[in-house]
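What follows is a short report on a single structure.
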2 protein chains.
Amino acid sequence: MRTHELVLHQVEADLAAGKLRLGDRLPGERALAGQLGVSRPSVREAIRVLEAMGVVRTSVGSGPDAGAVIVADPGSPLTAALRLHLATSHLPMGDIVQTRVLLESWAVREASGRATPSQVAAAQQLLDAMDEPDLPRERFHLLDAEFHVALATLAGNVLVSTIMASLREAIHGYVIAAAPHVPDWTPVAALLRAQHRAVLAAIADGDGDSAAKLVAEHIEGFYKASRLG
Amino acid sequence: MRTHELVLHQVEADLAAGKLRLGDRLPGERALAGQLGVSRPSVREAIRVLEAMGVVRTSVGSGPDAGAVIVADPGSPLTAALRLHLATSHLPMGDIVQTRVLLESWAVREASGRATPSQVAAAQQLLDAMDEPDLPRERFHLLDAEFHVALATLAGNVLVSTIMASLREAIHGYVIAAAPHVPDWTPVAALLRAQHRAVLAAIADGDGDSAAKLVAEHIEGFYKASRLG
DNA sequence: GATACCTTGTGGTCTGACCACATGGCTGAC
DNA sequence: GTCAGCCATGTGGTCAGACCACAAGGTATC
């Protein structure tokens, strides 16, 4: 076993045993190295991995917030991993689109009937913001992503909404890059806006089947238009 | 930007540009450090992150296989991240079960009608192996996991089957730990075996709806019996 | 020609040092 | 007594240099 893996296992064991909890600070790099009988570079490599996994956040300086703090951010590692594997071209974009359809259809179906009026209103505000004329296209896509993640969150499943958010973020760059393939943007944007409102209305009405159908058409249509799917 | 992140971005850019392809080797740690004007520990930290993300595999020694080789393994990082976040107790087991039901229902529905006889036969062999009397319980669960992943693979979506595999692996330890909660194991195992065969039969018959329903009941029933869900 | 050895290049690890940064207490002025 | 400014302290960030273990492939020996 490599030295930094020893450190990783130790930290994971402490997490599982409850010795390390959310918000706690890891011992300093020098102290941890001393405790485990390894060198500081090995501890640092382990902390880099934990950081990449979204388990700790490090910051320099002094005070209560300094050092390596335990956080719970399952999203960022997933996003980063998806981005990297998309870059290697060994993760077909079509599979990602299909997965989005699958997850979002389920999420809006689940959200129908359990979404509170205030949650629906919050999503509505995002749609209103997207109605603004002369909205830059990148801003449009960011709001769009936020809306879809908000829908996924309504289903109340942390894992599903996390996966959704990561999928959106990982492909955001590709969506922007594909912009030239949709020269006539204005009518497309109008269609997307209308579809969003239809989906949200179906959720508010508690009509899960319609919501699922509408969101699937919405996603598939967009990727087809963007030549991404 | 921290130094090791600079290295990461450089590698990601090379991947996206096609300068680095699957199977290629990264320059040696010393060479890479020299090229980018950073120190070797910084390069090493970056490589640790890439390794954690399943983008490279490192090995010592000499020859064509030595060093850091580009691989495509989106599964292991996902597994590790899920394990760690389960350890922090900020990822409810119920959400994982729900996600499994969602993904597997879709997968078996998709697999119905597109699975070839040879694929079904391969899955059947796993079930036959699970029929062996006096099979150790851990071995049973491993074969069970393999069977479920095989089903997910039949749907032909890399992302979905990868997520599925990671979910299974991440919770494997918890399943084993929950074994004492199912004292009367023999009839439970018999039920699981029967359910497996029913699911596979439905897939072979092309009856997607039945397959989806059966697999959902199978998964939910198991977690309920194990007091995990 | 086959075998044992050794050269070479790889990652793995450690030591020790210095830097940048943020805090928090200390010191001095008022 | 109060407050502003300063500096000691502890943190991660980075570096240089060294040595080890390992595996391949060439080389010398028998």
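Every chain is numbered from 1, with letters handed out A, B, ... down the list of sequences. Since we're looking at a predicted model, the values are computed, not measured.
- In summary, the side chains of B/His218 and B/His148 do present a donor paired with an acceptor at a separation below 3.5 Å, with no hydrogens or angles considered.
- In the model, B/His196 has a side-chain atom that pairs as donor or acceptor with a side-chain atom of B/Asp144 under 3.5 Å.
- The backbone N or O of A/Thr116 lies less than 3.5 Å from a partner atom in the side chain of A/Gln119, making a donor-acceptor pair.
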With side chain to side chain contact (heavy atoms under 4.5 Å, CB included) as the criterion, how do B/Met1 and B/His9 come out once you've worked through the C-alpha distance, each side chain's angles and the decisive distance to 0.1 Å? CA-CA 10 Å; B/Met1 157 131 38; B/His9 285 138; 3.2 Å; yes
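- Following rounding to the nearest Å, A/Arg25 (CZ) and C/dA22 (C1') show an atom-to-atom distance of 12 Å.
- Atoms CZ (A/Arg2) and P (C/dT13) sit 7 Å apart, rounded to a whole Å.
- Judged purely by distance below 3.5 Å, without hydrogens or angles, the side chains of B/Gln10 and B/Asp14 pair a donor atom with an acceptor atom.
- Atom C1' of nucleotide C/dT13 and atom CZ of A/Arg48 are separated by 17 Å, given to the nearest angstrom.
- Atom CD of A/Glu5 and atom P of C/dG11 are 16 Å apart (whole Å).
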Any chance you could lay out the side chain to side chain contact (heavy atoms under 4.5 Å, CB included) test for A/Arg100 and A/Arg168, step after step, and finish with the verdict? CA-CA 9 Å; A/Arg100 270 201 62 192; A/Arg168 292 290 310 194; 2.8 Å; yes
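- For DNA chain C, the neighbouring residues in residues 55-69 of chain A, judged by any heavy atom under 4.0 Å, are A/Gly61, A/Ser62, A/Gly63, A/Pro64.
- The end-to-end axis angle of the helix from C/dG1-D/dC30 to C/dC30-D/dG1, rounded to 10 degrees and based on five pairs per end, is 30°.
- Rounded to whole Å, the distance from NE2 on B/His4 to C1' on D/dT14 is 12 Å.
- With hydrogens and angles disregarded, a donor-acceptor distance shorter than 3.5 Å links the side chain of A/Arg137 to the backbone of A/Ala179.
- Between A/Glu51 and B/Arg2 there is a salt bridge, since a side-chain N of the basic residue sits under 4.0 Å from a carboxylate O of the acidic one.
- With B/Met53 as reference, A/Leu84 is the one residue of A/Leu84, A/Val49, A/Leu82 to meet the side chain to side chain contact (heavy atoms under 4.5 Å, CB included) rule.
- Rounding to whole angstrom units, CD of residue B/Glu29 and P of D/dC22 are separated by 17 Å.
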Go through the steps to decide whether A/Ile171 and A/Val97 satisfy the test side chain to side chain contact (heavy atoms under 4.5 Å, CB included), and finish with yes or no. CA-CA 10 Å; A/Ile171 62 184; A/Val97 175; over 6 Å; no
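- Straight-line distance from the CD atom of B/Glu45 to the C1' atom of C/dT13: 14 Å, rounded to whole Å.
- Phosphate contact (OP1/OP2 of D/dG17, side-chain N/O of B/Arg30, threshold under 4.0 Å): absent.
- DNA chain C lies under 4.0 Å from at least one heavy atom of each of the following residues of residues 34-44 of chain A: A/Val38, A/Ser39, A/Arg40, A/Pro41, A/Ser42.
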